[in-house]
Amino acid sequence: MNNNDIKTSENKKILITGGAGFIGSHVVRRFVRSYPEYQIFNLDALTYAGNLENLKDIENETNYSFVKGDITDAPFIDQLFENHKFDGVIHLAAESHVDRSIHDPLAFAKTNILGTMILLNAFKTTWEGNWKGKRFYHISTDEVYGSLGDTGFFTEETAYDPNSPYSASKASSDHFVRAYGETYGMPYVITNCSNNYGPNHFPEKLIPLFINNIINNKPLPVYGDGNYTRDWLYVIDHAIAIDLVFHKGKNQETYNIGGFNEWKNIDLVKLLCRLMDNKLGREEGTSERLITYVKDRPGHDLRYAIDATKINKELGWKPSVTFEEGLDKTIDWYLDNEEWLQGVTSGAYQQYYKKQYKD
Ligand code: NAD
Ligand code: DAU
């Protein structure tokens, strides 16, 4: 079962779920542009996090179709697979924000666990006994490994130890993907990636939230003492890794993806403040004065750090963009796309913000 590369020269129907979201939109664009012989179907429910504006530049390409639908709607998903017989699935659709999972864990179980199982079932029904050249690719997170102390890295052998409802739901869906591989012989790959940043990132996550707040001179709510560490990766480098793993990864394997780029939140926030002051022509120190320490996130994981040696050695992947370049491009994108930012921060976003930050 191992080593059966997915051939790029063949006509294939690929289903990408969650393609209107942050990472998904970069993956859809890459696949639509790089593989004209593929038919790319983007299935997305367009929740608060899904936005077709993210894909305006490719929406009329002949090898691209958008399907609005919910991965938890089993009859709909079964019919979709029956109609299209997708050769490959790249599954990104999920509830993705840890803070929201603390408010509403059931929504995360429904989408991330049940939704994944419904897709697995439909893929199994379509191809069981005829798996050659087929692949189910689950996009997962480093948060399934839990929290590190001050030293050490997550490897592919690190035991799962999730702490938030979000990471528990992603861990569970990973287990189901593996179980379908073991039980039914379904060819799968899983990648566990660190924190992404870049264009089109919904401003509920640290970097885009703080960029938006700096633009609007609003407080920058740092959780706890700010001494939490994350490993940041530019989103397009994640999309490149996903392309590589989808085509060249070994079946029934997991690959960790990371940026070799650890930052304590408070250091990252101060860097962002300096860069933004510079871009906005504000006096140095202006944005730093917006930093406000707020109540900590419950169950806050201290540190994530990825050992990405396996994907580097086996598939030759490494990040192509330095953090300085990536942050610079990201800030420029938000400053150039004020309309996008205004569009996603009106309406329901205001209610979420009030609830989360007691604003
Ligand atoms: P996102 O929240 O920006 O996008 C999620 C997308 O899924 C949205 O377009 C949304 O409309 C869609 N969606 C949600 N529920 C759905 C449903 N029931 N049916 C169909 N579509 C639905 O998320 P993201 O940050 O782009 O993350 C994408 C994937 O990558 C997730 O699986 C996440 O766990 C994983 N991941 C994210 C990061 C990160 O730093 N953002 C890092 C590692 C892994
Ligand atoms: O590690 C991969 C994960 O990264 C993905 O699986 C998740 O989908 C993605 O949301 C992200 O999770 P985090 O919880 O690490 O990201 P977030 O941007 O929410 O928070 C980053 C750090 O910043 C974390 O330590 C919490 C802190 N933080 C976050 C927010 C939103 C703050 O201090 N203040 C804030 O307002």
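Given the structure is predicted, the values throughout are model-derived calculations rather than measurements. Both counts, for ligands and for their atoms, begin at 1 and track the order of listing.
The protein heavy-atom contact nearest to atom 33 (C) of ligand 1 is Tyr166 OH, 3.5 Å. With respect to atom 36 (N) of ligand 1, the closest heavy atom belonging to the protein is Ile23 CD1, 4.0 Å. At the shortest separation from atom 32 (O) of ligand 1 among protein heavy atoms lies Lys170 NZ, 2.7 Å. The protein atom (non-hydrogen) at minimum distance from atom 1 (P) of ligand 1 is Ser96 OG, 3.6 Å. Counting protein heavy atoms only, atom 25 (O) of ligand 1 is closest to Phe22 CD2, 3.8 Å.
Cation-pi contact between Lys12 and Tyr38: absent, since separation from the ring centre below 6.0 Å together with deviation from the ring axis within 45° is not met.
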- Yes or no on ring pair (Phe, Tyr, Trp, His ring centres under 6.0 Å) for Phe41 and Phe86, after CA distance, side-chain angles and deciding distance? CA-CA 9 Å; Phe41 292 79; Phe86 301 112; 5.3 Å; yes
- Item | Derivation and outcome, ring pair (Phe, Tyr, Trp, His ring centres under 6.0 Å), residues His97 and Tyr48 | CA-CA 11 Å; His97 190 35; Tyr48 78 91; 8.3 Å; no
- Decide ring pair (Phe, Tyr, Trp, His ring centres under 6.0 Å) for Tyr180 and Phe123; before the verdict, give the C-alpha distance in whole Å, the side-chain angles of both, and the deciding distance to 0.1 Å. CA-CA 10 Å; Tyr180 273 64; Phe123 196 59; over 10 Å; no
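For Tyr223 and Tyr293, the distance between ring centers is not under 6.0 angstrom.
The heavy atom nearest to atom 6 (O) of ligand 2, out of those in Tyr357, Tyr166, Tyr228, Phe22, is found in Tyr166. One option in Glu204, Arg297, Glu143 has a heavy atom closer to atom 20 (O) of ligand 2 than any other, and that option is Arg297.
Listed by atom number, the atoms of ligand 1 under 4.0 Å from Gly69 heavy atoms are 19 (N), 20 (C). Near Asn265, meaning under 4.0 Å from one of its heavy atoms, ligand 2 places the atoms 22 (C), 23 (O), 24 (C), 25 (O), 27 (C).
For Val98, every heavy-atom contact with ligand 2 shorter than 4.0 Å involves the side chain, none the backbone. Counting heavy atoms closer than 4.0 Å to ligand 2, residue Val294 contributes nothing at all.
Annotation: Asn196 places an N or O atom under 3.5 Å from an N or O atom of ligand 1; distance criterion only. Annotation: Asp70 places an N or O atom under 3.5 Å from an N or O atom of ligand 1; distance criterion only. For a threshold of 3.5 Å applied to N or O pairs, the pair formed by Leu209 and ligand 2 contains no separation below that value.
Relative ring orientation between His175 and Tyr160 is described as tilted, the plane-to-plane angle lying within the 30° to 60° band.
Partner Tyr228 forms a side chain to side chain contact (heavy atoms under 4.5 Å, CB included) with one of Asn265, Val222, Leu206 and no other, that one being Asn265.
The CH2 atom of Trp340 sits 6.5 Å away from the CG atom of Asn51 when rounded to the nearest 0.5 Å.
In this structure, Ser194 counts as a contact residue of ligand 1, since one of its heavy atoms falls inside 4.0 Å of the ligand.
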